[in-house]
Amino acid sequence: MELKIEAILAEKAGKACKELFGELPAEKQLQIQPTRKDFKGDYTLVVFPLTRLAGKSPEQTAEAIGEQLQKDCSFINSYNVVKGFLNLELTGAFWKDSFEKIFSREDYGFQAAAGDELPYLVEYSSPNTNKPLHLGHIRNNLIGYSVASILKANGHNVVKTNIVNDRGIHICKSMLAWQKWANGETPDSAGMKGDLLVGNYYVRFDKEFKKQVAGMLEQGMSEEEAGKKAPLMAEAQQMLKDWEAGKPEVLNLWEKMNSWVYKGFDETYRRLGVDFDKIYYESETYKHGRELVEKALKEKVLFTKENGSVWVDLRDEGLDEKLLLRADGTAVYMTQDLGTAVQRYEDNNGFESHIYVVGNEQNYHFQVLKIVLKKMGFDWSDKLYHLSYGMVELPEGKMKSREGTVVDADDLMDEMIKTARDMSEELGKLDGYTDQEKKKIYTQIGMGALKYFILKIDPRKNMTFNPRESVDFNGNTGPFIQYTHARIKSVLRKAREQGLSWEAEAGSGYGEPVALLDKEKELVKILLNFREVVSEAGLQFSPALIANYCYELVKEYNQFYHDHTILGEKDELQRKFRLRLSELTGRVINTGMGLLGIEVPDRM
RNA sequence: GGCUCCAUAGUUCAAUGGAUAGAAUAGCGGUUUCCUAAACCGUAGAUCCAGGUUCGAUUCCUGGUGGAGCUACCA
């Protein structure tokens with residue numbers, strides 16, 4: 001169990017204060033942070049908060065604490081004071097020892113599992129079965145999968161879950177359009193992925209519906225009225241009622257079309273590299289939701305309006321009234337989500353937390369969901385957490401399906417992999433590999449570029465997806481990181497070919513500690529931080545922290561690699577150390593990128 | 001109208017209330033007889049506005065301005 005260096009130093013500084021000034025400062029008064037690049041030192045104590053306690057100027061306070069610390073701690077080499085900042089420099093032996101400790105850990109970065117803990121549920125993806133997945137879904141899936149991986153790395157039990165929105169008026173629209181205009185077309189007959197085919201009929205419905213409305217407007221009807229009374233809409237609504245009533249023809253059609261969609265989704269999920277432990281279907285959970293609503297209605301938690309629709313009054317909470325069942329008795333989105341939440345709680349005998357990876361346009365929905373559950377008597381609704389991620393926009397603005405500006409998930413993946421192939425062929429580094437090996441590497445690079453491009457951004461923020469920039473493989477990109485990994489692997493391969501070894505010899509220790517060069521020390525520092533970054537990413541549900549860490553690590557390694565030779569180093573201890581440094585860097589890149597769902601090739 | 005979120009180089013992104021606000025990309029200029037140049041180095045360029053709290057504010061508070069989202073018997 002490695003202790004955070006900052007925590008150790010803070011504790012020591014606290015002791016020093018007690019000795020010097022007779023009082024132990026509060027924890028938050030002891031601020032230890034990495035020393036900024038332009039100053040000499042490794043860690044810095046900010047002494048401003050301590051000046052009152054010391055009754056001295058910042059400089060005097062820092063000086064006194066520095067002197068005391070150096071006396072007490074053998075691993076502090078020297079200190080210096082700049083204004084109110086006490087910069088501490090640790091000894092080379094300290095860094096060396098710390099490095100060897102983490103180097104010898106096979107699973108460095110992971111926290112041992114806490115066996116009996118209740119699971120963390122992570123819901124992500126949540127597709128509608130009426131159209132194929134697009135760029136927005138990609139962000140959702142990547143964040144969800146990565147957050148689940150990060151939580152696991154922090155020792156939590158994780159259940160990856162998905163709610164498939166497989167019923168509702170939107171599904172009926174595509175069914176209706178297929179019935180009317182498809183002439184029995186199937187994915188096989190059309191040679192098309194099932195989700196794409198169904199999506200086309202959803203679009204077709206919208207087009208025909210608009211035509212009807214336009215016609216009715218010409219006859220002098222208001223837009224709102226026309227929208228409600230258009231015959232196509234009425235047919236779709238009737239179909240939804242028939243579906244809830246269990247009418248066989250409707251159910252058969254529904255099952256047939258959904259099965260096409262699932263086949264298409266499975267393919268997309270497989271390519272994205274995401275999976276689920278348990279999938280829920282709205283067509284099953286909505287009933288549970290309706291029962292909950294009916295029960296709550298009896299308990300007078302909810303109320304009925306004169307047309308028979310069921311509502312919850314949230315005005316006491318500063319919100320509005322919210323519909324839970326339509327006048328015709330059919331369920332809405334909220335009804336289903338209530339049922340799903342309760343069912344999941346029961347299925348897992350409770351949970352530690354339930355994280356919903358859902359777009360920020362649904363902030364209101366989740367606010368309501370939590371309150372309604374609480375009103376219904378489910379105290380655990382506090383454990384629901386909406387990981388509200390921002391929208392993906394294109395440089396031209398929002399994606400609009402009607403205007404054909406939606407970026408299709410499959411198309412995008414194809415495009416990225418194709419770019420990776422073109423670029424690799426141009427560089428010619430994979431000459432001599434079989435087509436299958438090449439294809440695998442192109443896929444890894446293309447997908448790595450896509451995933452990293454999306455995950456490096458703070459999930460909570462809206463992001464702009466610029467297709468041109470996304471296929472740029474230089475700079476802060478996935479391929480840049482993958483490239484460094486491949487380079488490290490190449491060095492290690494060569495070292496092995498030359499019969500070199502760099503593992504510690506049993507019992508002999510590592511010999512006299514060699515003095516660390518600046519670049520080596522910086523690299524060690526960053527490597528030592530990894531565990532802490534994984535922990536923080538778990539607390540914040542933020543893959544971006546891992547992504548940015550990997551980039552920082554790789555950048556530092558590339559500088560080290562550029563400035564110092566590894567295999568050409570004459571001093572044996574030094575050479576072995578650099579090989580170990582390279583190996584661990586490679587391992588950490590592999591682990592870190594793995595937490596983002598990104599594979600790193602051994603050569604590229 | 002109400003509620004929520006956002007605003008940082010030309011552009012895309014960073015920065016637990018701490019020192020001279022970091023990167024990438026685009027621009028300009030360099031580095032390869034040597035472990036993978038998808039690399040490395042140099043140069044130039046930014047905190048929306050006005051107040052407030054603080055020893056110290058990109059960060060916290062108030063008020064503006066600009067943008068996004070929600071406020072559906074859609075999901």
Side-chain angles (χ1 to χ4, degrees), chain A residues 6 28 31 33 35-39 44 46 48-49 51-52 58 82-85 87 126 128 130 165 167-171 173 228 237 282 305 307-311 318-320 322-328 330 332-334 336-337 359-365 367 388 390-391 393 395 398 420 423-424 426-427 429 445 449 453 456-458 460-466 468-470 472-477 479-484 486-495 498 536 544-545 547-548 551-552 554-555 558-559 561-569 578-579 582 603-604:
Chain A
E6 279 98 328
K28 67 174 179 207
Q31 298 174 28
Q33 54 195 241
T35 301
R36 285 188 70 109
K37 275 261 165 30
D38 320 310
F39 298 91
T44 296
V46 183
F48 293 108
T51 50
R52 186 167 303 176
V82 180
K83 292 191 270 184
F85 300 91
N87 301 321
S126 321
N128 290 312
N130 64 337
N165 301 116
R167 50 131 258 144
I169 192 78
H170 56 302
I171 310 291
K173 287 177 185 174
K228 276 184 187 162
Q237 274 158 356
E282 184 184 336
K305 290 201 174 173
N307 66 0
S309 54
V310 179
W311 297 72
L319 303 174
D320 210 342
K322 177 82 190 173
L323 176 86
L324 295 179
L325 283 180
R326 294 192 188 95
D328 64 8
T330 56
V332 293
Y333 183 51
M334 183 61 74
Q336 164 274 127
D337 238 6
N360 63 10
E361 75 271 15
Q362 291 189 35
N363 287 352
Y364 184 73
H365 173 82
Q367 208 182 342
S388 161
M391 324 220 82
E393 284 163 26
K398 268 200 81 170
M423 199 160 297
S424 290
E426 202 181 302
L427 291 168
K429 289 185 183 176
I445 297 172
F453 189 85
K456 74 176 173 185
I457 295 162
D458 184 336
R460 288 161 187 83
K461 291 194 172 172
N462 287 0
M463 67 171 284
T464 305
F465 185 89
N466 186 329
R468 242 202 335 274
E469 281 174 22
S470 72
D472 189 347
F473 291 175
N474 299 316
N476 187 358
T477 64
F480 170 72
I481 296 169
Q482 289 172 319
Y483 174 72
T484 305
R487 224 183 190 187
I488 289 172
K489 283 293 189 181
S490 173
V491 172
L492 297 180
R493 264 197 308 274
K494 287 227 160 64
Q498 295 176 19
E536 192 60 31
L545 294 182
N548 289 330
Y551 177 64
E552 196 193 343
V554 160
K555 191 126 180 76
N558 279 333
Q559 290 171 15
Y561 179 91
H562 183 266
D563 291 355
H564 304 292
T565 179
I566 298 166
L567 298 176
E569 173 59 45
R578 286 183 188 166
L579 282 166
S582 299
R603 48 191 103 197
M604 62 187 272

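Throughout, a chain's letter reflects where its sequence line sits, starting with A, and its residues are numbered from 1.
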| request: Look at A/Arg36 and B/G22 and indicate whether a side-chain polar atom (N or O) is within less than 4.0 Å of OP1 or OP2. | output: yes
| message | Suppose we define a pair by two distances each less than 3.5 Å, Watson-Crick or G-U wobble; what does B/U54 pair with here? | response | none
| request: Quickly work out the A/Ile457 CD1 to B/U8 C1' distance and round it to whole Å. | output: 15 Å
| query | In Å, rounded to the nearest 0.5 Å, how long is the span from CD1 of A/Ile566 to NZ of A/Lys494? | reply | 12.0 Å
| field | A/Leu323 vs A/Ala544, nearer the 5' end of RNA chain B by closest nucleotide | value | A/Ala544
| query | Within this structure, what is the NZ-to-C1' distance between A/Lys322 and B/A75, rounded to whole angstrom? | reply | 10 Å
| request: Please determine, for B/C70, whether a Watson-Crick or G-U wobble partner exists with both distances under 3.5 Å, and give it or none. | output: B/G2
| query | Does the ring center of A/Tyr551 lie less than 6.0 Å from the ring center of A/Phe480? | reply | yes
| query | Mind checking who B/A19 pairs with, Watson-Crick or G-U wobble, both distances under 3.5 Å? | reply | none
| field | B/A39 pyrimidine/purine six-ring stacking with A/Tyr561, under 5.5 Å and 30° | value | no
| If you measure from CG on A/Asn466 to CZ on A/Phe453, what distance do you get to the nearest 0.5 Å? | 6.5 Å
| query | Say you pick atom C1' in B/U36 and the same atom in B/G42; how far apart are they, in whole Å? | reply | 24 Å
| query | Looking only at side-chain N and O atoms, does A/Lys37 come under 4.0 Å of OP1 or OP2 in B/A21? | reply | no
| With centres under 5.5 Å and planes under 30° as the test, does A/Phe48 stack with B/G18? | yes
| With nearest nucleotides of RNA chain B determined for A/Met391 and A/Ala486 from heavy-atom distances, which residue corresponds to the more 5′ nucleotide? | A/Ala486
| said: Working to the nearest 0.5 angstrom, can you tell me the gap between A/Leu492 CG and A/Leu567 CG? | reply: 8.5 Å
| Is the distance from OP1 or OP2 of B/C70 to the nearest side-chain N or O of A/Gln362 less than 4.0 Å? | no
| field | Spacing of A/Thr484 atom OG1 and A/Met604 atom CE [to the nearest 0.5 Å] | value | 8.5 Å
| Can you check whether A/Arg468 has a side-chain N or O nearer than 4.0 Å to OP1 or OP2 of B/U12? | no
| With both distances kept under 3.5 Å, what pairs with B/C28, Watson-Crick or G-U wobble? | B/G42
| message | What's A/Phe39 touching, base or sugar-phosphate or nothing? Going by heavy atoms closer than 4.0 Å. | response | base
| For the side chain of A/Thr44 and the base of B/A19, is some donor closer than 3.5 Å to an acceptor across the two? | yes
| query | Using atom C1' of each nucleotide, how far apart are B/U62 and B/C28 to the nearest Å? | reply | 45 Å
| field | Nearest-Å distance once atom C1' is located in both B/A57 and B/G52 | value | 11 Å
| said: Is A/Asn474 close enough to B/A24 that one of its side-chain N or O atoms is under 4.0 Å from OP1 or OP2 there? | reply: no
| request: Provide the closest heavy-atom pair for A/Pro49 versus A/Gln31 in the form atom of the first, atom of the second, distance. | output: CG-NE2, 3.8 Å
| message | If I pick the C1' atom on B/G45 and the same atom on B/U25, what distance separates them, to the nearest angstrom? | response | 13 Å
| message | Could you identify the nucleotide paired to B/U65, looking across every strand shown and requiring Watson-Crick or G-U wobble geometry with both distances under 3.5 Å? | response | B/A7
| query | Which part of the nucleic acid, if any, lies within reach of A/Thr330 when heavy atoms closer than 4.0 Å are counted: base, sugar-phosphate only, or nothing? | reply | nothing
| request: Determine, answering yes or no, if A/Phe85 is stacked on B/A19 under the 5.5 Å centre rule and the 30° plane rule. | output: yes
| message | Would you say A/Asn558 places a side-chain N or O within less than 4.0 Å of OP1 or OP2 belonging to B/C40? | response | yes
| note | Taking every heavy atom of A/Asn363 against every heavy atom of A/Ser388, the minimum-distance pair comes out as OD1-OG, 2.9 Å
| Any A/Lys555 side-chain nitrogen or oxygen under 4.0 Å from OP1 or OP2 of B/A24 | yes
| query | Considering Watson-Crick and G-U wobble pairs with both distances under 3.5 Å, what does B/C34 pair with? | reply | none
| message | Can you say whether a donor on the side chain of A/Asp320 sits under 3.5 Å from an acceptor on the base of B/A72, or the other way round? | response | no
| query | Using a cut-off of less than 4.0 Å, is there contact between a side-chain N or O of A/Lys461 and OP1 or OP2 of B/A14? | reply | yes
